[in-house]
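For this chain, numbers begin at 1 and follow the sequence in order.
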Amino acid sequence: MLAAMSTRFVLALLFFSGCKQTVAPAPVPRVALRAQAHAAYEQKRYADCARLFSDANSVEASTEAGDVYDAACCQALVGEKDNAFSSLQRASALGFKDVKHLQKDPDLEALHGDPRWTELVARVSAIEAEYAKSINAELHELYQQDQAERSGDSAKLNWAEVRPRDAKRRSRVQEILDAGGATVAADYFHAAMVFQHGEDIADYQRAHQLALKASQLDPKHRQARWLAAASKDRELMHLGVPQLYGTQFRGQNGRWVLYEVDPTITDEERARWNVPSLEEAKKRAEAMNAPAK
């Protein structure tokens with residue numbers, strides 16, 4: 001389905017009338033905890049992943065279905081079935097609707113024998129069916145195919161087989177767009193993601209344009225904002241110039257490294273595009289290279 005990071009705060013000392021007082025450390029922001037949780041997942045530290053997602057929601061309850069779904073995956077992997085089902089129910093309430101992904105996700109296999117699983121699948125199917133009435137169903141299906149291709153271990157993917165299917169999807173998406181088939185933010189987001197997995201700069205530029213359109217139509221579409229940033233970064237990386245936001249990583253000498261980042265871009269600007277801080281991106285690179293535990 002998807003493929004992070006750690007923060008430390010120092011106690012500040014204030015002096016008033018000769019008395020020394022300590023100020024409690026500020027809580028770690030949810031975005032940082034979420035990034036750390038994803039890093040733990042990548043390192044197969046599933047217990048840490050589950051705990052960090054729980055900590056993130058204790059700081060500020062997530063309104064992102066994807067975040068809550070990811071928490072459920074980690075909880076299921078460490079045998080926290082009740083917590084996993086609770087998270088999946090919340091994810092569905094927040095709009096999670098990819099029933100195919102739900103059913104095929106290996107992280108959730110431990111839940112399949114539970115009586116609650118059938119009820120959950122039926123609920124998500126109903127949500128997906130209702131959602132399909134408001135969007136271009138074919139663009140959604142092409143997006144789901146794109147995501148399904150990348151849901152497993154990327155190191156095991158046969159890219160010689162995947163790339164021709166990617167190209168065919170891009171061609172069909174462009175036909176739908178040319179015919180005026182995209183009307184709502186979700187349509188443009190689905191189209192953008194397919195182009196994000198293209199092979200040349202023109203594809204990344206197209207992805208950026210489409211993601212921007214999606215975020216303009218729905219300013220609350222956090223995934224569209226992130227994709228607008230990521231597609232611009234991917235374009236810049238392939239042009240051989242520094243990326244802006246820090247979403248792109250590259251293999252170098254057998255290791256993953258964060259591709260060069262423009263130092264003038266602030267973390268505040270990153271947050272505006274739903275992108276973690278630069279420090280979190282650096283820690284994600286470390287996590288990607290750390291041996292699985």
Sequence-distant partners of F85, ring-ring contact (aromatic ring centres under 6.0 Å, His included), two or more places apart: none
side-chain contact (heavy atoms from CB on, under 4.5 Å) partners for N83, two or more places apart: Q75, E80
Among residues at least two apart in sequence or on other chains, which ones pass side chain to side chain donor-acceptor pair (under 3.5 Å) with K232? E235
Using the side-chain contact (heavy atoms from CB on, under 4.5 Å) criterion, which residues pair with D82? Sequence neighbours excluded. R116
Tell me every residue that passes salt bridge (Lys or Arg N to Asp or Glu O under 4.0 Å) with R225, counting only those two or more places apart in sequence or in another chain. none
Residue pairs passing the salt bridge (Lys or Arg N to Asp or Glu O under 4.0 Å) test where at least one lies in residues 238-254, sequence neighbours excluded: none
For Q196, enumerate each residue passing the side chain to side chain donor-acceptor pair (under 3.5 Å) test, keeping only those at least two apart in sequence or located in another chain. none
W117: what forms a ring-ring contact (aromatic ring centres under 6.0 Å, His included) with it, not counting sequence neighbours? H112
Residues in side-chain contact (heavy atoms from CB on, under 4.5 Å) with E161, at least two apart? N158, R165
For Y143, enumerate each residue passing the ring-ring contact (aromatic ring centres under 6.0 Å, His included) test, keeping only those at least two apart in sequence or located in another chain. F189, H190
Give me each pair satisfying salt bridge (Lys or Arg N to Asp or Glu O under 4.0 Å) with a member in residues 192-217, each pair once, sequence neighbours excluded. R163-E199, R170-D203
Residues passing the side chain to side chain donor-acceptor pair (under 3.5 Å) test with K133, sequence neighbours excluded, are E130
